[in-house]
Amino acid sequence: MRIRGWLTGLIVFLLAPCLLFASLWFYNKFEDVNAIDRSLSGLNLIQALTPLVEEKAVSGELSALPVPLRRDLISFGGPAQTESLTRMLDIFTNEPDVKTSLGYAQQLSTAVSHLAKLDMAVSYESSTLPDLVNSLLFSVIIESSKITDSARKLVKRSKINIWEKMLIPVQGGRFKASADGAALKTEQYLDALTGTHAAELQRVAQAFRKANFVFQSQGSKLLSSTITATGGSDIDADGVFEAHPDLVRATLMLWNASLDYLNEDLLLQRSATQWDVVLAGIFGGLVIIVAFAIAVLLSRSLAARTLREFENLGFHDPLTGLPNRRALLNTIRSRIEPVPDMTTGLLVLDLRQFKKINDRFGDSAGDSILREVSQLLIQYAEPDDLISRTGGTEFTLLRPNIEHTEDFELLAANIIRDLGKERNLQGQKTSIECNAGLLVSQPGERITDQFLTDVALALRSAKQKGPRNYDLFKSEMRTAFEENGETAKELQKALNDGDIVAWYQPQVDIHTGEVVGAEALARWIDNGTVRYPGSFLPAAVEAGYLEAIDATVRERALQLAVALRGKTRQPIHLGLNVTASLLASAKAVDALHFQVRSLGLEPSSVSLEILEAVMIDEITADPIKDNIARLSELGFFIELDDFGTGHSSISSLRDLKVDRVKIDRSFVSGVDTDPGLQKFTSALINLAKSLDISVLAEGVETEGERDWLKGNGCDVIQGFLISRAVPQEALAALILKQNFLLSPPADDLVLTVRGEGPQPRPVRTSVS
Ligand code: C2E
Ligand code: CA
């Protein structure tokens, strides 16, 4: 990837200057063509001057005004040069003095030549021709005109003085100098030419030199006759008058031939430059095509790479680099044909309370833990396994071939154990709690998406068992789940119709037999039959109706507490089962307190039953811990439910200011006959007692159990021995019987509330 980057840079680095060079080249050559065109139009102007110069030099005047030339000069000169150019032309046209007039023609020709940049536009070998034309040849014509002009004047004189005798020699000398110079230069300049018309030009040059020679010899006759003459008739000037037009014509022929040569040269330059323009265009075009092709290729490869990266991203989790849920689904769906006898295993792992780790240590610490989990799974993976991160805290391991289900379960146990090991995170000790759901297919069973749904049910079941548990999928889980869905729908209606009610299971003082409390338990009166929590609470939890059920039960129980207030000798505790979600919310805690207070009740008359699993599992959860402490401070009676089933430690019991523990039925059932259990149960009781915590035993069904509990420090009992959960009227009747057998109640205890239920039977609380 890096090499490609370099290559791209290099190509761009090379292409950019090439493109710039090609465009500059193209532009320059294009400009050159324009410049040559301008030189050509300048040259044409000078050529148009030729006949006029000839006419003026030979006859001394012009027969017609040079209107077209003037117009062309204007367009050539443009706003900046028109004035000076036309002025020169006008003087040349109108000036009667021939040599002065020709001088302006020379100036004009030189100026146009300069503006047309003739010497620069033509080839190097022809670059001397403009000088030959404008300077040397023009001088020959002017100087010869001067002599001819002087001779014309002299021949008309009757007397010639000494100064006039000297005029012709002086002019002759100047003419000779310029003519010799021109003759010499024509040889020099023209011999260097190699163009197709070079020979022709040299031939014309020879004719010029010949005419020059003739004029010079006629000139020398004129010179000698002038020196000896005393009057104009003595002067021999006829030869000069005859030779002068020949010389002018020969000079102008050479002049014209030189201009033609320049014209041809310029046309050649033009076509060569035009070819350069085409070349530059082709080169530039090629560079652009190459650049475009490279750009297309690069962008395609970039697009392909981006697509690959996107696809990769679409199937991979960027944090851990593991395949994601889509990849797992792809793998599952690609195994269309089942392999006979092959058993597939699917393990899904979910971290608990991970949000707390993020909140406490920061997201990057959370990320590093997730990476650690992925590394651990990789360590445990076999070559054919597919490990994927299928959710925020959810990881999945698909093992295509499993020999023993027990080995797969052991794998789950090991992973849970390893993750649960204490680790140091930012100087604080912490551990990762998790659950795992397992699924093992039937041999040869085809793997489908359903596996993911089923393994999620196993995970759910494991979560219900508490942290560090795993569970293996059983088909009953799916049945229960489906039934739960049905139940949830009916439950919603039941809640709306008021069919969810509270029944109460009394709790009696083990020594006096007096009713000291009652646990409110939810009941569903479904078309006249009573449904128990076991049949609808799991569905309610799943559908999110548990809070609504709790609220209903709570409201009714508190109403009962209000009805009972002041009617019993000592306040009756009404026990409410409290969920973790209520405990997690400070707002819900405040609302409960407000509800109790606004009914005029003392919080101490309300017992909050908190599951040991919730209390201990969530012990690290600051809000829950804080809220339990707050409830205790507010005066609520805090009770630890299912005591003995979790991992209560002495410190947690003390820290949370528990008022009473409820020993789980599993430690009560048969305790009077099972010595092993007796040890365990008495240890539990002693633990609570040592912390000054009251003890309630639940699920007491026999008198034997009650007697053992009474003898071993238990304070209160609850169970079928006393009564099942009953409607409030039945509870009131029991209170009446149990508490007021000896002394009748101050007020009438008959409660005027609806509902009927089984009547509790009076019990004796004392055997002695
Ligand atoms: P739990 O809190 O342990 O409630 C005691 C359960 O044990 C009750 O079952 C009660 O009928 C049963 N039980 C009492 N004495 C005996 C006995 O001597 N022998 C036997 N075999 N069982 C006895 P129930 O009413 O079916 O409630 C089951 C669980 O449902 C409760 O267990 C409690 O965790 C939950 N629950 C009941 N009502 C509510 C409620 O309103 N809100 C919440 N959050 N949970 C509730
Ligand atoms: Ca309970």
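Both ligands and their constituent atoms are indexed starting at 1 by order of listing.
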Practice task
Would you check if the side chain of S535 reaches a backbone N or O of R531 as a donor-acceptor pair within less than 3.5 Å?
Solution key: no
Problem - Which residue and heavy atom of the protein sit nearest atom 40 (C) of ligand 1, plus the separation - result: D550 OD1, 3.6 Å
Exercise for the section: Decide whether the shortest distance between a heavy atom of K662 and an atom of ligand 1 is less than 4.0 Å. Expected result: no
Completion exercise
atom 34 (O) of ligand 1 sits nearest the protein heavy atom N577 OD1, 4.4 Å
Handout entry: Y380 atom OH, over 12 foreign heavy atoms within 6.0 Å
Key = yes
Handout entry: Residue pair L491 / F536, side-chain heavy-atom distance below 4.5 Å
Key = yes
Practice task
Evaluate the side-chain contact (heavy atoms from CB on, under 4.5 Å) criterion for residues F395 and D350: first the C-alpha distance (whole Å), next the side-chain angles of each, then the deciding distance (0.1 Å), finally the verdict.
Solution key: CA-CA 7 Å; F395 294 81; D350 196 19; over 6 Å; no
Handout entry: Min side-chain heavy-atom separation S669-E705 under 4.5 Å
Key = yes
Exercise for the section: Could you walk me through whether F481 and E542 pass side-chain contact (heavy atoms from CB on, under 4.5 Å), step by step? Expected result: CA-CA 9 Å; F481 179 73; E542 238 147 55; 3.5 Å; yes
Handout entry: Sidechain-backbone polar pair: S585 side chain, L582 backbone, donor-acceptor under 3.5 Å
Key = no
Problem - Results of salt bridge (Lys or Arg N to Asp or Glu O under 4.0 Å) for R565 - residues two or more places apart only - result: none
Handout entry: Atoms in ligand 1 with a heavy atom of T579 nearer than 4.0 Å
Key = 44 (N)
Exercise for the section: Compute the minimum heavy-atom distance from G699 to ligand 1 and say whether it is under 4.0 Å. Expected result: yes
Problem - For atom 26 (O) of ligand 1, the protein heavy atom that lies nearest, with its residue and separation - result: P533 CD, 3.3 Å
Handout entry: For atom 22 (N) of ligand 1, closest protein heavy-atom neighbour
Key = F720 CZ, 3.4 Å
Problem - Contacting atoms of ligand 1, where contact means under 4.0 angstrom from a heavy atom of D642 - result: 3 (O)
Problem - atom 38 (N) of ligand 1 [closest protein heavy-atom partner, distance rounded to 0.1 Å] - result: A522 N, 3.0 Å
Handout entry: Side chains of I693 and D659 in contact at under 4.5 Å (non-hydrogen atoms)
Key = no
Handout entry: N/O separation below 3.5 Å, Y532 to ligand 1
Key = no
Practice task
Going by the salt bridge (charged side-chain N to carboxylate O under 4.0 Å, His left out) test, name the single residue among K421, R417, R468 that passes it with E433.
Solution key: R468
Handout entry: the Ca ion (ligand 2) to nearest N/O/S of E609 less than 3.0 Å
Key = yes
Practice task
May I ask you to test the L452-L346 pair for a side-chain heavy-atom distance under 4.5 Å?
Solution key: yes
Exercise for the section: Identify the protein heavy atom lying closest to atom 15 (N) of ligand 1, giving its residue, its atom name and the separation to 0.1 Å. Expected result: Q505 NE2, 2.8 Å
Problem - Atom name, E519 (N, O or S, nearest to the Ca ion (ligand 2)) - result: OE2
Problem - Sub-4.5 Å side-chain heavy-atom contact between L370 and F354 - result: yes
Problem - R523 to ligand 1, any heavy atom closer than 4.0 Å - result: yes
Practice task
Could you list the atoms of ligand 1 found under 4.0 angstrom from a heavy atom of V553?
Solution key: 41 (O)
Practice task
Report yes or no: does E698 have an N/O/S atom closer than 3.0 Å to the Ca ion (ligand 2)?
Solution key: no
Exercise for the section: Please round to the nearest 0.5 Å and tell me the distance separating atom CD1 of I717 and atom CD1 of I663. Expected result: 12.0 Å
Problem - Atoms of ligand 1 close to D641 [distance to a heavy atom under 4.0 angstrom, numbered from 1] - result: 2 (O)
Exercise for the section: List every atom of ligand 1 that sits less than 4.0 Å from any heavy atom of E701, numbering the atoms from 1 in the order shown and giving each element. Expected result: 17 (C), 18 (O), 19 (N), 20 (C), 21 (N)
Completion exercise
Of all N, O or S atoms in D641, the one closest to the Ca ion (ligand 2) is OD2
Problem - atom 4 (O) of ligand 1: nearest protein contact (heavy atom, Å) - result: E519 OE2, 3.5 Å
Handout entry: Protein non-hydrogen atom found under 4.0 Å from atom 32 (O) of ligand 1
Key = no
Practice task
State, yes or no, whether a side-chain contact exists between Q728 and Q559 at a heavy-atom distance under 4.5 Å.
Solution key: no
Handout entry: Protein non-hydrogen atom found under 4.0 Å from atom 9 (O) of ligand 1
Key = no
Completion exercise
The protein heavy atom nearest to atom 35 (C) of ligand 1 is L537 CD1, 3.5 Å
